[in-house]
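Worksheet for the structure shown next.
Every chain is numbered from 1, with letters handed out A, B, ... down the list of sequences.
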Amino acid sequence: MTEQYQPSVVERKWQKKWEEANLYAIELEKAKNPYYCLVMFPYPSGARLHVGHWFQYGPTDSFARFKKMQGNDVFLPVGFDAFGLPAENYAIKTGTPPTKSTAENVQNMMKQFKRMGCMYDWSKTLNTSEPEYYRWTQWLFLQMYQKNLAYKKEAKVNFCPSCQTVLANEQCQDGMCERCGTEVEQKPMQQWFWKITDYAQRLLDGLDTMAWPEKTKLMQRNWIGKSEGATIKFEIKNQKSETHKKFEVNKTKTFVEVFTTRPDTLFGATYLVLAPEHPLVDEVMPKEHEGAVHAYREEVKKKSEMERTELNKTKTGIWIGAYAINPATEEEIPIWIADYVLINYGTGAVMAVPAHDERDYEFASVYALTVREVVKGGNIKDAAFTEEGSAINSDFLNGLSTSEAQKRIVAWLEDEEIGRQKIHYRLRDWLISRQRYWGAPIPIVYDPQGNAHPVSEEHLPWLLPTDVEWKPTGESPLKASKEFKKRTEKIFGKGWTPECDTMDTFVCSSFYYLRFLTNAHSQSKRVIDPALEKKWMPVDMYIGGPEHACMHLIYARFVMMALYDFGIVSHEEPFQKLVHQGLITNQGAKMSKSKGNIVDPDPLVEKYGSDIFRMYLMFMGPYGDGGDFSDTGIRGVERFMQRVWKIFKKAKEAPASLQGAAKSKKVQIKLHSTIKKVTEDMEKLHFNTAISALMELLHVLEKEESISKETLKTFAILLAPIAPHLAEEIWETQSAQHSFVFQQPWPSFDSTIVITDTMTIVVQVNGKMRASIEVDSGAKKADILAKAKEQPNVQKWLEGKNMKKTVYVQGRLINFVL
RNA sequence: GCCGCCGUGGUGGAAUGGUAUACACGGGGGACUUAAAAUCCCUGCUCAUUACGAGCGUGCUGGUUCGACUCCAGCCGGCGGCACCA
């Protein structure tokens with residue numbers, strides 16, 4: 001053995017041996033004890049892995065190795081989420097086709113993953129931008145289309161004038177484009193949507209069945225935004241018909257519908273507020289108000305999305321000159337418009353109950369509108385009372401509790417046919433159309449009359465054309481392709497045109513966990529083999545960043561549920577357990593290319609090797625916390641590895657008389673408590689404390705004259721998931737015939753070994769530690785107490801005082817209370 | 001503003017209501033060495049230095065408890081999410 005441990009030599013040696021032995025290949029059909037460990041697949045934007053990638057893929061590989069050694073048939077795949085904007089932008093800038101730059105990046109990243117030494121089975125990788133993959137993205141679209149979950153509608157969409165592209169709501173932050181920061185415009189366009197809203201309730205219910213962080217569940221609940229209440233129709237008082245009695249014959253009642261979560265406060269509704277954009281405004285507003293209303297609307301339009309939502313300022317609004325009738329009180333109440341009411345939430349109209357809603361209260365104070373208290377319990381002179389209470393000033397509701405009043409009023413509304421119970425969700429349908437090049441083409445064609453027809457499955461993959469300009473024009477780049485148009489006419493007939501939008505990349509990533517599970521049957525015939533799906537799904541452990549809590553993780557769940565309904569899969573939820581890794585920052589700032597503060601791990605990997613770098617990342621702190629990156633401290637991990645090397649070297653080279661000496665009790669106890677600690681910590685992804693436990697064990701072993709072979713072997717096994725290459729190297733020194741440390745079973749903890757002859761009892765006086773004593777494990781309480789009192793430093797404190805109470809905690813401590 | 005998470009040495013961080021600061025990094029001191037590197041040992045603060053000594057210490061103020069970093073209440077500070085959601 002060499003004097004010093006040489007990571008670069010050893011790591012290459014074992015990477016080669018693993019590959020030759022095909023150690024990490026997995027036969028999906030034959031696995032007896034399947035464990036699906038999935039880490040969110042990377043986007044191949046840069047050509048190299050950065051520190052964040054290492055932090056995501058290194059420790060999770062360690063976790064998977066741990067699971068494998070525990071006897072699971074672990075499937076840990078990795079692939080590439082390759083469609084998307086950066087490759088397209090790169091193409092725009094340099095003229096390099098995305099196909100080419102993406103393939104190069106993928107090759108580079110794979111090389112680096114191999115250098116990391118992960119246990120990926122590279123025969124099962126995937127790339128969402130390859131036709132073999134995106135044919136299934138298109139297949140999924142067709143399924144959605146056939147089941148009426150895909151539809152097209154004109155919608156005002158967020159349009160980024162700089163990226164010349166449409167953005168999803170979640171891609172606009174504070175009215176700015178998430179990617180480039182340009183202010184987003186509203187632009188009407190024909191867009192494809194998927195009806196995720198049909199699944200709102202199930203997406204909510206499913207959360208209760210999964211082992212996910214509560215925080216993430218809460219974010220999803222928030223995102224789905226369920227509110228229970230009622231819709232109520234308010235009749236609009238027809239002023240025109242009153243003044244022109246001739247037209248009374250044609251008079252039809254006009255209604256405005258509101259949604260409220262507090263129908264019980266209907267008697268307190270003293271005005272209505274519509275969104276400025278509400279179509280009814282033009283219909284019911286008297287002529288003389290048009291000027292003012294128009295002016296107000298212009299003012300609202302001028303405000304950026306940001307200003308409008310900034311708020312907490314004084315609310316603004318204007319009376320439109322019309323009245324509605326409160327169906328409960330039969331009073332005439334004024335109709336206002338105000339920018340705090342949003343056209344795309346609820347019905348775009350609210351009944352204002354200023355006494356019991358903070359916003360309405362504030363609005364009413366500004367414009368001196370009537371405030372009527374209808375729930376007892378607050379002081380409405382000072383503030384709105386939004387809690388529950390008993391109804392007052394509410395005729396037949398008086399005296400009822402809020403929940404009783406709600407039931408009662410809803411029943412009344414339904415009887416009168418002017419309202420009904422309604423559950424509303426904030427979740428909106430998923431806009432999947434993108435006017436971009438680098439994505440999966442939507443498999444739709446249009447006949448000469450403009451009607452949409454699906455491209456049938458036999459024509460999949462519906463290839464992405466290559467004869468295009470990538471320059472953004474605000475139109476889909478595919479429109480420029482002659483080949484695409486020709487292909488469509490050839491198959492469907494003259495005058496037929498292809499859909500030129502591509503799909504959101506979140507569609508690609510909504511089912512990739514199924515595509516990893518491919519075999520001969522599912523390679524090109526079906527999206528997933530039912531037997532494999534049944535066997536491997538749901539994913540046992542899913543690891544990825546918390547930034548995906550509300551988009552990817554909801555879309556993927558929706559798609560899985562839909563496939564369940566289509567009879568394609570047997571589970572409704574794709575990810576049984578979810579864990580988020582923390583974020584690695586650089587001097588407190590998120591690393592990003594644009595900021596130029598990305599830390600390149602390669603020099604450190606070069607200098608210290610993959611094991612040390614990985615272990616250092618794991619030792620930094622709890623995995624879920626992430627942290628600020630700095631390489632101070634990596635030397636500590638390096639020292640640890642060298643010390644490990646040294647004890648194995650010493651054992652190997654020791655004279656025969658010292659080899660395999662009897663195990664000391666002390667070592668046995670430490671060894672077994674370490675087994676326990678490391679096992680529990682690895683299970684919880686508490687890598688930092690698992691490592692410190694191994695460091696403690698090493699300290700004990702270093703003090704021993706000689707160490708038994710068995711102890712050394714166990715040490716190598718415990719270290720294996722954390723430092724795979726070093727572990728193989730030291731394992732080799734201890735195993736007679738050739739075998740891999742990763743084929744060894746994980747050691748089990750023997751609780752009988754940890755039982756000691758003596759125990760240490762801490763002696764406190766008034767809760768302060770004054771001494772500690774060693775007693776026999778079998779010692780009686782009375783003897784222990786007596787011995788404790790004998791301690792000089794205890795006596796000093798007990799002298800001349802009255803003992804009030806004595807607390808004895810079995811095997812731990814004594815507290816004398818004076 | 002609302003919701004959630006978190007405040008522990010110079011630093012990263014440990015602690016089922018039971019010895020606060022494990023395991024490391026850095027600084028300081030010491031051992032080894034002609035010297036340096038490497039390695040090993042000691043090191044929270046204050047007062048004592050006769051100690052196997054006392055006091056203070058987990059953001060702040062209280063509370064529960066024999067005993068609180070841990071539980072409860074109220075503040076202060078930081079981070080993340082949502083943004084007038086009717």
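Here the separation of B:U19 from B:C52, taken at their C1' atoms, is 15 Å to the nearest Å. Spacing of C1' atoms, B:C76 relative to B:C60, comes out at 7 Å, to the nearest Å. B:U11 sits 13 Å from B:G59 when the P atoms are compared, rounded to a whole Å. Taking the P atoms as reference points, B:C3 lies 29 Å from B:G9, given to the whole Å. If you take atom C1' in B:G81 and the same atom in B:C23, they sit 33 Å apart, rounded to whole Å. With both ends at atom C1', the span from B:U50 to B:U65 equals 37 Å, rounded to whole Å. Here the separation of B:C69 from B:U16, taken at their C1' atoms, is 14 Å to the nearest Å. Going from the P atom of B:G63 to that of B:A48 covers 33 Å, rounded to whole Å.
The glycosidic torsion of B:G9 lies within 90° of 0, placing the base in the syn range.
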Inset, instruction - Test A:Trp336 against A:Phe363 for ring-ring contact (aromatic ring centres under 6.0 Å, His included), laying out the working first. - result: CA-CA 11 Å; A:Trp336 288 64; A:Phe363 193 77; 5.5 Å; yes

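Distances shown here put a side-chain N or O of A:Ser227 below 4.0 Å from the OP1 or OP2 atom of B:A86.
Ring-plane geometry between A:Phe640 and A:Phe715 is classed as tilted, the angle between the planes lying from 30 to 60 degrees on a 0 to 90 degree scale. Ring geometry, A:His552 versus A:His548: the interplanar angle exceeds 60°, so the pair is classed perpendicular (tilted spans 30 to 60°).
A donor and an acceptor atom, one from each side chain of A:Asp382 and A:Tyr361, are nowhere located under 3.5 Å apart.
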Kindly give the atom pairs (protein nitrogen or oxygen, nucleotide nitrogen or oxygen) under 3.5 Å for nucleotides 4-7 of chain B.
none

Do any N or O atoms of the protein come closer than 3.5 Å to N or O atoms of nucleotides 39-47 of chain B, and which pairs are they?
from: B:U39; atom 1: OP1; to: A:Arg639; atom 2: NE; distance (Å): 3.4

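With the 3.5 Å cutoff on both pairing distances, Watson-Crick and G-U pairs in RNA chain B assemble into runs of at least 3 at B:1-7 with B:76-82, B:10-12 with B:23-25, B:27-31 with B:39-43, B:44-47 with B:53-56, B:59-63 with B:71-75.
Contact annotation for A:Thr260: backbone-only contact, meaning every heavy-atom pair under 4.0 Å involves sugar-phosphate atoms and none involves a base. A:Asn688 comes within 4.0 angstrom of the backbone, heavy atoms only, and of no base. If you check every strand for non-hydrogen atoms under 4.0 Å, A:Phe640 touches nothing.
Sorted by first and then second residue, the salt bridge (charged side-chain N to carboxylate O under 4.0 Å, His left out) pairs with a member in residues 786-797 of chain A form an empty list; sequence neighbours excluded. Under the salt bridge (charged side-chain N to carboxylate O under 4.0 Å, His left out) criterion, the residue pairs touching residues 218-228 of chain A are A:Asp208-A:Arg221, with sequence neighbours excluded.
For the pair A:Glu680 CD and B:A15 P, the computed distance is 12 Å after rounding to whole Å. In this structure, the CG atom of A:Leu697 is 18 Å from the P atom of B:A22, given to the nearest Å. Between A:Ile634 atom CD1 and B:G26 atom P there is a gap of 12 Å when expressed in whole angstrom units. In this entry the distance linking CG of A:Asp681 with P of B:C23 reads 15 Å, nearest Å. Atom-to-atom, CG of A:Asp357 to P of B:C85 comes out at 8 Å; the value is rounded to the nearest Å. Taking atom OH of A:Tyr608 as the reference point, atom P of B:C25 lies 12 Å away to the nearest angstrom. Protein atom CG of A:Leu698 is 13 Å distant from nucleotide atom C1' of B:A24, rounded to whole Å. Summarising the geometry, the separation between CG on A:Leu694 and P on B:A24 is reported as 11 Å, rounded to the nearest angstrom.
Checked options A:Trp430, A:Trp223, A:Tyr199; the residue passing with A:Tyr555 is A:Trp430 (criterion: ring-ring contact (aromatic ring centres under 6.0 Å, His included)). Checked against A:Phe55 for a ring-ring contact (aromatic ring centres under 6.0 Å, His included), the options A:Phe687, A:Tyr623, A:Phe629 give a single hit: A:Tyr623.
Using modelled atom types, no side-chain atom of A:Asn793 and backbone atom of A:Ala771 make a donor-acceptor pair closer than 3.5 Å. Without hydrogens or angle criteria, A:Tyr5 side chain to A:Val644 main chain gives no donor-acceptor distance under 3.5 Å.
In the set B:C85, B:C84, B:U16, the nucleotide with an atom closest to the side chain of A:Arg812 is B:U16. When each of B:A86, B:G13, B:C85 is scored by its nearest atom to the side-chain atoms of A:Pro622, the top-ranked nucleotide is B:G13.
Shown here are the side chain to side chain contact (heavy atoms under 4.5 Å, CB included) partners of A:Thr261, two or more places apart in sequence or in another chain: A:Ser227, A:Phe259. Residues satisfying the side chain to side chain contact (heavy atoms under 4.5 Å, CB included) criterion with A:Thr197, sequence neighbours excluded, are A:Asp429. Considering only residues two or more places apart in sequence or on other chains, A:Asp681 meets the side chain to side chain contact (heavy atoms under 4.5 Å, CB included) condition with A:Lys677, A:Lys684, A:His686, A:Thr689, A:Ala690. The side chain to side chain contact (heavy atoms under 4.5 Å, CB included) check on A:Gln6 picks up A:Thr2, A:Val9, with sequence neighbours excluded.
A salt bridge is defined here as a Lys NZ or Arg NE, NH1 or NH2 lying under 4.0 Å from an Asp or Glu carboxylate O, and A:Arg635 with A:Glu638 meets this definition.
No more than 12 heavy atoms of other residues, nucleotides or ligands lie within 6.0 Å of CD in A:Gln421, so this atom counts as exposed by the packing criterion. Counted within 6.0 Å of CD on A:Glu547, heavy atoms from surrounding residues, nucleotides or ligands total more than 12; the atom is thus considered enclosed.
Residue order along RNA chain B, read from the 5' end via each residue's closest nucleotide, puts A:His686 first among A:His686 and A:Val762.
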Which pairs of donor and acceptor atoms, one on a side chain in residues 806-818 of chain A, lie under 3.5 Å apart (sequence neighbours left out)?
from: A:Tyr808; atom 1: OH; to: A:Gly811; atom 2: N; distance (Å): 3.3
from: A:Asn815; atom 1: OD1; to: A:Asn766; atom 2: N; distance (Å): 3.4
from: A:Asn815; atom 1: OD1; to: A:Gly767; atom 2: N; distance (Å): 2.9

Legend entry - Protein-to-nucleotide contact annotation, 5' to 3' order, nucleotides 48-59 of chain B [B base; S sugar-phosphate only; - none; under 4.0 Å, heavy atom]: -----SSSS---

Legend entry - B/S/- contact track for nucleotides 65-71 of chain B, protein heavy atom under 4.0 Å: -B-----

